[in-house]
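Please read these numbers as outputs of a predicted model, since none were measured by experiment.
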Number of protein chains: 2
Amino acid sequence: MSAEPLPRQVGHPLPDELRLTEVLHALADPLRLSIVATLADSGAELSCSAFHLPVTKSTSTHHFRVLREAGLVRQRYEGTARMNSLRREDLDAVFPGLLASVLASAKQ
Amino acid sequence: MSAEPLPRQVGHPLPDELRLTEVLHALADPLRLSIVATLADSGAELSCSAFHLPVTKSTSTHHFRVLREAGLVRQRYEGTARMNSLRREDLDAVFPGLLASVLASAKQ
DNA sequence: TGGTTGGTACGATAATCAACGTACAACGAT
DNA sequence: ATCGTTGTACGTTGATTATCGTACCAACCA
């Protein structure tokens, strides 16, 4: 018997916990790279379902978790939806210029 | 900047064949990232054995092949040694700023 | 000629990973 | 209360990967 309902929340790495190889690995997947590029283009929070990814829901959950655990995206709940946003400031602070060059390279 | 064609006999991708996700995947391994960083620091050709990697020869061969097939390093034979050099110009032309930001991020 | 050096080829193994389906949970609306 | 929406948890499968050992090859040297 649980006393109180635990708030739904997930672990985000702090800026000083970001690992370059983990970030690169997260970006080294076409689907995840497209997610990051879409977030960067929109500049806003987007729900997982807003991406219309060509995979099932469970696979989508997997990819968003990889991105979150690498520190690339921030996630928070809004109703039933999970809103995703790019951690651009944190990434720019720790890995200056990295995100910009990756996004520029992905654009062509 | 000679227009000399790359030696194709060992399977080097041409500049327009470079794939961003493949490059990121090649860099998303600590050992391979250290190889690239060492090559960038030295600015010269280095034999495989010059890196003193904490893996066996066959594993070393594997990692250098991944780097070559992703287009990150150029390899040529010199006697029994295989000399490796960074394809910095090619990478900068196709993915401007990418290598620089990765190397800068890897340095700290 | 034979040994040493530097690297490759091949095969094996254990780990990781992307993808799926099913079941379920949280929330909002009916 | 039930239903639809949205996403998670769990277990599985097939592919890829990092690692190794052994055997081998090609070039140089004594």
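Applying the side-chain hydrogen bond (donor to acceptor under 3.5 Å, both in side chains) criterion to A:S47, with sequence neighbours excluded, gives A:S49. Residues passing the salt bridge (charged side-chain N to carboxylate O under 4.0 Å, His left out) test with B:E22, sequence neighbours excluded: none. Scanning for side chain to side chain contact (heavy atoms under 4.5 Å, CB included) contacts around A:D41 gives A:K107, with sequence neighbours left out. Applying the salt bridge (charged side-chain N to carboxylate O under 4.0 Å, His left out) criterion to A:R76, with sequence neighbours excluded, gives A:E45, A:E78. By the side chain to side chain contact (heavy atoms under 4.5 Å, CB included) test, A:T38 pairs with A:L46, A:F51, sequence neighbours left out. Judged as a side-chain hydrogen bond (donor to acceptor under 3.5 Å, both in side chains), and not counting sequence neighbours, the contacts of A:R19 are A:T21.
Here B:R82 does not reach the OP1 or OP2 of D:dA26: none of its side-chain N or O atoms lies under 4.0 Å away. Contact check, B:T61 against C:dT8: a side-chain N or O comes under 4.0 Å of OP1 or OP2. Under 4.0 angstrom from either OP1 or OP2 of D:dT5 there lies no side-chain N or O belonging to A:S49. Taking side-chain N and O atoms only, A:R65 has no distance below 4.0 Å to OP1 or OP2 of D:dG7.
The stretch residues 88-97 of chain A participates, sequence neighbours left out, in these side chain to side chain donor-acceptor pair (under 3.5 Å) pairs: A:R87-A:D90. Contacts classified as salt bridge (charged side-chain N to carboxylate O under 4.0 Å, His left out) and involving residues 26-37 of chain B (residues at least two apart or in different chains) are not found. The salt bridge (charged side-chain N to carboxylate O under 4.0 Å, His left out) analysis of residues 48-60 of chain B, with sequence neighbours excluded, yields no pairs.
Of the two residues near DNA chain C, A:H25 and B:T80, the one whose nearest nucleotide lies more 5' is B:T80.
Residue A:S47 is classed as a sugar-phosphate contact, given heavy-atom separations below 4.0 Å to backbone atoms only. Within the nucleic acid shown, B:Y77 comes within 4.0 Å of sugar-phosphate atoms alone, with no base atom in reach, counting heavy atoms only.
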Base-contact (B) and sugar-phosphate-only (S) positions in nucleotides 19-25 of chain D, heavy-atom cut-off under 4.0 Å, - elsewhere: BBB----
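Heavy-atom distances under 4.0 Å link DNA chain D to no residue of residues 36-44 of chain B.
B:L27 and B:L103 fall within the same hydrophobic cluster, defined by Ile, Leu, Val, Met, Phe, Trp and Tyr side-chain heavy atoms under 4.5 Å apart, directly or through other members.
Counting to the nearest Å, the P atom of C:dA26 and the CE atom of A:M83 are 21 Å from each other. For the pair B:F64 CZ and C:dT8 P, the computed distance is 9 Å after rounding to whole Å. As a whole-Å value, the separation of A:Q75 CD from D:dT6 P is 16 Å. Regarding B:I35, its CD1 atom lies at a distance of 13 Å from the C1' atom of D:dA18, rounded to whole Å. When rounded to the nearest whole Å, the span between CD of A:E22 and C1' of C:dC17 equals 14 Å. Atom CG of A:L46 and atom P of D:dT6 are 14 Å apart (whole Å). Here D:dA26 presents its P atom at 19 Å from CD of B:E78, a figure rounded to the nearest Å.
Side chain of A:H12 to backbone of A:G71: no donor-acceptor contact under 3.5 angstrom is found.
Direction of the helix axis in the helix from C:dT1-D:dA30 to C:dT30-D:dA1 shifts by 10° between the two five-pair termini, rounded to 10°.
Contact detail for B:P96 and A:S101: the closest heavy-atom pair is O-CB, 3.7 Å.
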